[in-house]
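Working notes, structure below.
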Amino acid sequence: MRTVVWHVLHLLLLAVLTESQAGQESIEYWNEVGRKCLESKINSDVGAILAEKQTPPKNVILFIGDGMGIATITAARVARNQKNGNTDVNKPFFFETFPFSGLSKTASFDTHTTDSAAAAVALMCGRKVEQNTLGRLPGFGNKCEFGEKAKIKDGIADLAIDKGVDVGFVTTSSITDATPGAMYAKDVHRRMEFDSAPFMNATNCDDIATQILSHPADKFKVMMGGGHAQFLPNAVGGNRTDNRSIEEEWTHLRPMQKAQSRVLLTGTEDFVRHTPEDDQQLLGIFAPLHFPYRVDENLRNSSSVPRLSEMAVKAVQVMNKQSDSRGYFLMIEGANIDKAQHKNRFHLATEELNEFDRAIEQVTQMVGDDTLIIITADHAHALTIPGYLNKSHSIFERDGNVSQIFFATGPGYGDGNRTLYSPEESEDPHFAQPASFFFTDARHGGEDVGIWAKGPYAWLFTGTMENTQIAYNIKYLLCLDNKERSICDLRKSIASKKKNEDAEKLMSTGKASPQEQSIHILNTDLPIRGTMIALIVITCLLAVLVAILLIVLLRSTFRGTVKPSENSA
């Protein structure tokens with residue numbers, strides 16, 4: 001008997017220890033982090049009041065300014081105001097006027113400073129992964145040899161599709177790039193964008209482009225960006241050596257359950273002519289790879305691709321056309337903010353951030369009170385604003401030998417002696433700000449990035465949090481994860497509490513009959529009664545275990561103290 005008891009106790013102890021020692025490679029670890037952070041806000045005095053009065057969002061729109069660190073925003077804000085002739089050089093961007101803001105920590109699973117892939121997975125899935133990986137759990141290598149068990153299947157997009165919530169994204173990069181790829185790609189290195197990509201050698205991985213044909217991307221309502229080359233064969237100017245046209249194959253897929261047709265747009269003329277209709281899935285690919293910079297489009301006085309703001313508006317129009325939708329999750333990325341900074345070209349980055357802000361403003365004007373809008377960045381750049389340059393000078397100039405906009409790394413290093421550039425040189429749209437160390441592409445920065453939020457439950461996105469918290473909060477607010485508590489559970493609890501309070505008020509006034517009071521006791525305290533029953537059962541079990549242990553100990557003691565009888569020779 002003692003063996004059985006100790007075995008049971010050992011199993012209970014082991015379960016507790018295993019739960020408490022869950023490592024950072026597990027979703028349980030990050031869910032626990034997310035749960036504690038969210039509950040601290042929900043259970044606060046202010047949070048309890050707001051949660052009781054607010055209706056949860058039906059839709060969530062997540063804007064990601066790739067590489068949009070705090071210093072990037074500050075420098076671009078000043079540059080924009082100076083260009084526009086504003087006397088207040090710190091007049092905020094539109095998104096900076098949102099009522100709630102916070103900070104997001106950006107480190108990846110294995111590095112202090114993240115790349116875009118690991119950062120995007122954190123934002124889209126709520127867990128940290130290894131640098132340069134998409135849809136792959138930590139510790140599974142680079143060859144896709146572990147099958148389904150290496151794949152992340154609990155991202156926002158996966159869970160939303162299963163719940164009937166529409167999903168879409170818009171980007172100015174290739175739609176196979178790191179940030180959009182984090183929404184759907186499984187078990188790949190971020191550079192596995194097409195079948196003959198160098199990273200595909202000696203692996204059995206499915207390239208990212210082909211994965212738009214399978215779950216969950218085959219059920220996305222909107223996908224817009226660049227990347228024709230990754231989807232088309234060599235014969236027509238693409239990168240593929242398997243002679244497949246993934247774009248054409250996508251059009252022949254059966255439409256998702258709530259859609260009647262698939263629409264493919266491949267150029268600006270298609271985009272302009274397109275009118276959003278009910279029940280359609282939209283794939284728009286408008287550039288060979290990434291979009292050209294807005295500065296270059298403006299200098300040519302022409303548009304070879306749609307603007308980010310135009311795509312964002314059309315995406316919301318398509319999302320809103322679904323009459324029986326349970327809501328939607330839409331991600332909109334300003335990818336070229338990052339790409340310009342990789343080349344230290346801050347004029348380009350400023351104009352990309354302006355367009356990003358324009359998209360946010362136009363979308364905000366389109367949506368109603370049922371939509372939560374979140375603005376953040378996946379990571380920062382190693383950019384600083386040193387010196388004491390007078391405000392009468394352009395921020396692109398220098399204070400003596402100190403450049404007012406200065407990168408830690410990148411091609412702006414030149415020959416190492418670029419500190420004496422002239423004001424005229426610094427106004428060239430393609431001018432590269434100086435850098436301390438030479439790299440073909442500037443390295444990212446590892447500091448926290450900003451979060452701005454507007455709409456129902458936007459107050460959850462305040463304070464300093466992990467980037468995984470953003471995904472956790474979105475899952476919570478859209479009631480996506482059956483393994484975690486959600487806003488749906490909270491609303492039921494609030495409704496039950498209110499019902500109890502109303503019934504108690506009714507009884508306290510003496511208007512309730514004895515029969516009504518009995519019904520109230522039986523029917524309105526179910527959560528409390530359930531908890532009490534559970535506690536009683538647990539107490540009984542513990543009492544039985546204690547009784548068994550006492551019996552075993554008493555029997556052992558009795559055997560050791562009883563005297564032998566006279567007949568026991």
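Note that these values count all heavy atoms, side chains included, but never hydrogens, waters or copies made by symmetry. The chain is numbered in sequence order, starting from 1.
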Pairwise distance CG(L372) to CG(N59) - rounded to 0.5 angstrom:
9.5 Å

Smallest heavy-atom separation, A160 atom then V167 atom, equals CB-CG2, 3.6 Å

Table please: side-chain donor-acceptor pairs of residues 328-336 below 3.5 Å, with sequence neighbours left out.
{"from": "E333", "atom 1": "OE1", "to": "T171", "atom 2": "OG1", "distance (Å)": "2.6"}
{"from": "E333", "atom 1": "OE2", "to": "T179", "atom 2": "OG1", "distance (Å)": "2.9"}
{"from": "N336", "atom 1": "ND2", "to": "F291", "atom 2": "O", "distance (Å)": "3.1"}

Determine the minimum heavy-atom distance between T176 and F231, stating which atoms define it.
CG2-CZ, 3.6 Å

Checking side chain to side chain contact (heavy atoms under 4.5 Å, CB included) for the pair T72/Q341: CA distance, chi angles, key distance, verdict?
CA-CA 9 Å; T72 296; Q341 291 182 93; 2.7 Å; yes

Is the side chain of H342 donor-acceptor paired with the backbone N or O of A442 at a distance under 3.5 Å, no angle test?
yes

Under a plain distance cut-off of 3.5 Å, with no hydrogens placed, do Q211 and D207 share a side-chain donor-acceptor pair?
no

Pairing donors with acceptors under 3.5 angstrom, does anything connect the side chains of N354 and R294?
no

For S214, enumerate each residue passing the side chain to side chain donor-acceptor pair (under 3.5 Å) test, keeping only those at least two apart in sequence or located in another chain.
none

What pair of heavy atoms forms the shortest contact from N467 to L123, and how long is it?
O-CD2, 3.7 Å

Would you say CG of N243 has more than 12 non-hydrogen atoms from neighbouring residues, nucleotides or ligands within 6.0 angstrom?
no

Is a salt bridge present between K483 and D154, judged by a nitrogen-to-oxygen distance below 4.0 Å?
no

Residues, nucleotides or ligands: over 12 heavy atoms within 6.0 Å of K163 NZ
yes

Should the ring pair F199 and H189 be called parallel, tilted or perpendicular, given that the plane angle runs from 0 to 90° and is split at 30 and 60?
parallel

Are R307 and E355 within salt-bridge range, i.e. N to O under 4.0 Å?
yes

Within 6.0 Å of CZ in F438, more than 12 heavy atoms from elsewhere:
yes

Strictly distance-based, threshold 3.5 Å: is any side-chain N or O of T350 a donor or acceptor partner for the main-chain N or O of F346?
yes

Answer yes when D115 and R190 have at least one side-chain N-carboxylate O distance shorter than 4.0 Å, and no when they do not.
yes

Would H290 and D177 satisfy side-chain hydrogen bond (donor to acceptor under 3.5 Å, both in side chains), going step by step from the backbone distance to the final call?
CA-CA 9 Å; H290 309 307; D177 202 26; 4.6 Å; no

Would you kindly say whether S116 and D378 are connected by a side-chain donor-acceptor distance under 3.5 Å?
yes

Shortest non-hydrogen contact from V449 toward G69:
CG1-CA, 4.4 Å

Distance col, row F95:CZ vs I451:CD1, nearest 0.5 angstrom, shows 12.5 Å

Would you mind checking if D448 and K105 are paired as a salt bridge, meaning a charged N to carboxylate O distance below 4.0 Å?
no

What's the separation between atom CZ in F407 and atom CZ in F437, rounded to the nearest 0.5 Å?
15.5 Å

Just by distance, with hydrogens left out, do E447 and H379 show a side-chain donor and acceptor under 3.5 Å apart?
no

Is it the case that the side chains of H274 and D270 hold a donor-acceptor pair, with the cut-off being a distance below 3.5 Å and no angle test?
no

What heavy-atom pair brings T106 and G446 nearest, and what distance separates the two atoms?
OG1-O, 3.6 Å

Whether the side chain of S303 engages the backbone of P306 through a donor-acceptor N/O pair (distance < 3.5 Å, no angle test) should be reported.
no

Could you check whether K219 pairs with D162 (Lys NZ or Arg NE/NH1/NH2 to Asp/Glu carboxylate O, under 4.0 Å)?
no

Is it the case that the side chains of T210 and D195 hold a donor-acceptor pair, with the cut-off being a distance below 3.5 Å and no angle test?
no

I'd like to know if E484 and K475 make a salt bridge, using a cut-off of under 4.0 Å between side-chain N and carboxylate O.
no

is_close_aromatic(F286, F271), centroid dist under 6.0 Å:
yes

Is the count of non-hydrogen atoms from other residues, nucleotides or ligands lying under 6.0 Å from R300 atom CZ greater than 12?
yes

Decide whether Q131 and S108 meet the rule of one side-chain donor and one side-chain acceptor closer than 3.5 Å.
yes

Once rounded to the nearest 0.5 Å, what's the spacing between atom CD1 of I374 and atom CZ of F63?
11.0 Å

Exercise: do N344 and Q433 side chains pair donor with acceptor under 3.5 Å:
no

Crowded around R262 CZ? As in, over 12 foreign heavy atoms under 6.0 Å?
yes

Answer with yes or no whether the side chains of S302 and E297 bring together a donor and an acceptor at under 3.5 Å.
no

Please check: side-chain N/O of S196 versus main-chain N/O of N239, any donor-acceptor pairing under 3.5 Å?
yes

Does the pair D166/K321 count as a salt bridge with the N-to-O cut at 4.0 Å?
no

Contacts of E269 meeting salt bridge (charged side-chain N to carboxylate O under 4.0 Å, His left out) (sequence neighbours excluded), chain-then-number -> R273

For atom NZ of K339, decide whether the heavy atoms of other residues, nucleotides or ligands shown that lie under 6.0 angstrom number more than 12.
yes

Please test K186 against D206 for salt bridge (charged side-chain N to carboxylate O under 4.0 Å, His left out), starting from the C-alpha separation and ending with a verdict.
CA-CA 8 Å; K186 306 294 182 189; D206 295 326; over 6 Å; no

When the ring planes of Y184 and F169 are compared, do they come out parallel, tilted or perpendicular, using 30° and 60° as the limits?
parallel

Is a salt bridge present between K314 and E310, judged by a nitrogen-to-oxygen distance below 4.0 Å?
no

Apply salt bridge (charged side-chain N to carboxylate O under 4.0 Å, His left out) to residues D187 and R136 and explain how you reach the verdict.
CA-CA 4 Å; D187 195 16; R136 175 186 289 153; 2.6 Å; yes

side-chain hydrogen bond (donor to acceptor under 3.5 Å, both in side chains) partner of K128, the single match among Q24, E25, E466:
E466

Under 3.5 Å, side chain of D489 to main-chain N/O of S486, donor-acceptor pair present?
yes

So which heavy atom on M183 is nearest to which on G168, and how close?
CE-O, 3.7 Å

Hey, is CD on E249 packed in by over 12 heavy atoms from elsewhere, all under 6.0 Å?
yes

